[in-house]
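A short worksheet on the structure shown next.
Computed from a predicted structure; not experimentally measured.
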Amino acid sequence: DPLLIIFDADADATAVQAVGQRVVFQNVSDDPSDLQRTLTMEVTDGDSGTSNTATRVMNVTARNDDPYDNNAGSFPSDITVTEDVLSDVDFSSIDLQDPDDRGLDITVTLTSSLGGTLYATTGGGVTVTGNSTGTMTLTGSQDDLNTFLNTSSNIQYLHGTADTDGNDADSILVEVNDNGNYGLNG
């Protein structure tokens with residue numbers, strides 16, 4: 001929609017020029033188009049007098065938005081596993097979102113801090129690397145990763161030291177990276 005600025009009869013050329021120089025463009029989309037925008041400015045005096053048309057071309061450079069958990073704070077603070085038994089890790093409360101992913105792959109890295117072993121199998125559009133190690137990566141689209149994480153049996157854990165029990169026997173660091181899929185500073 002065109003921006004219309006109406007001046008009163010006391011406005012002179014200096015006031016009109018000052019306002020025209022302060023017109024700015026801001027795109028508030030998380031995933032803006034790369035197409036050029038054209039700003040056209042024309043001044044009409046109200047008595048059928050019209051200025052020459054001033055035209056400026058603007059380029060919009062998209063910035064990469066970081067992926068996030070849509071259920072803020074939903075990473076589980078505690079996971080209960082059975083000592084010396086391969087146990088499911090339930091990450092179903094996580095809802096990964098990346099406003100500008102455009103369907104490209106996101107990587108989730110899971111790292112055991114105290115020697116635990118993580119297990120998962122590639123499937124459902126998610127590629128698993130690092131199976132049966134302390135650091136595992138899951139790579140897939142946002143939707144595929146969310147579906148994969150919603151099934152608690154897809155990721156399993158076994159502590160690296162037999163007969164380890166008690167609270168906080170290990171922790172799993174979860175890192176999400178959109179691999180710079182779109183925009184600057186990815």
Side-chain angles (χ1 to χ4, degrees), residues 1-79 90-111 124-127 136-152 154-155 171-186:
D1 292 335
L3 170 66
L4 177 63
I5 301 171
I6 299 174
F7 295 94
D8 64 20
D10 296 329
D12 60 12
T14 302
V16 172
Q17 188 175 31
V19 169
Q21 290 173 345
R22 287 176 176 76
V23 173
V24 296
F25 171 81
Q26 179 181 8
N27 188 317
V28 295
S29 170
D30 282 326
D31 191 14
S33 165
D34 291 336
L35 297 175
Q36 289 184 333
R37 275 71 163 179
T38 303
L39 172 68
T40 304
M41 187 175 293
E42 188 175 82
V43 178
T44 304
D45 67 7
D47 291 324
S48 301
T50 302
S51 71
N52 291 330
T53 301
T55 302
R56 297 290 182 266
V57 174
M58 296 176 289
N59 295 306
V60 175
T61 302
R63 297 193 57 89
N64 184 37
D65 293 307
D66 292 332
Y68 62 93
D69 178 13
N70 196 42
N71 296 328
S74 67
F75 285 100
S77 59
D78 287 305
I79 298 172
D90 185 358
F91 286 121
S92 63
S93 62
I94 296 172
D95 179 21
L96 298 175
Q97 298 294 314
D98 186 10
D100 57 6
D101 78 0
R102 295 188 179 190
L104 301 173
D105 283 348
I106 296 173
T107 301
V108 176
T109 303
L110 306 172
T111 305
V126 174
T127 301
M136 172 187 295
T137 60
L138 312 172
T139 304
S141 72
Q142 173 181 292
D143 292 342
D144 289 343
L145 283 168
N146 280 326
T147 300
F148 191 87
L149 293 170
N150 280 338
T151 304
S152 63
N154 279 344
I155 301 171
S171 61
I172 299 173
L173 174 67
V174 179
E175 295 176 288
V176 182
N177 186 327
D178 67 1
N179 305 306
N181 280 335
Y182 194 74
L184 291 177
N185 301 324

Could you pull out all donor-acceptor pairs under 3.5 Å where a side-chain atom in residues 52-59 meets a protein atom, sequence neighbours excluded?
{"unit_1": "T53", "atom_1": "OG1", "unit_2": "E42", "atom_2": "OE2", "d": "3.0"}
{"unit_1": "N59", "atom_1": "OD1", "unit_2": "Q36", "atom_2": "NE2", "d": "3.0"}

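In this structure, CG on L149 lies 7.5 Å from CG on L110, to the nearest 0.5 angstrom. Note that CG of L104 is 9.5 Å distant from CG of D178, once rounded to the nearest 0.5 Å. To the nearest 0.5 Å, atom CG of residue L138 and atom CG of residue D144 are 11.5 Å apart. Rounding to the nearest 0.5 Å places CE of M41 at 8.0 Å from CG of L3.
The two residues L96 and Q142 have their closest heavy-atom pair at O-CG, 3.4 Å. Across all their heavy atoms, D12 and A15 have their closest contact at OD1-N, 2.9 Å. Shortest non-hydrogen contact noted between V176 and V108 is CG2-CG2, 4.3 Å.
Between the side chain of N177 and the backbone N or O of T107, no donor-acceptor pair lies under 3.5 Å.
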Applying side chain to side chain donor-acceptor pair (under 3.5 Å) to S141 and D143, what does each step give before you reach the verdict? CA-CA 5 Å; S141 72; D143 292 342; 5.5 Å; no

For the pair T109 and L173, evaluate side-chain contact (heavy atoms from CB on, under 4.5 Å) and give the outcome as yes or no after the intermediate values. CA-CA 8 Å; T109 303; L173 174 67; over 6 Å; no

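By the side chain to side chain donor-acceptor pair (under 3.5 Å) test, N154 pairs with no residue at all, sequence neighbours left out.
Each of D105, I94, N150, I106 was scored for a side chain to side chain contact (heavy atoms under 4.5 Å, CB included) with L145, with one residue passing: I106.
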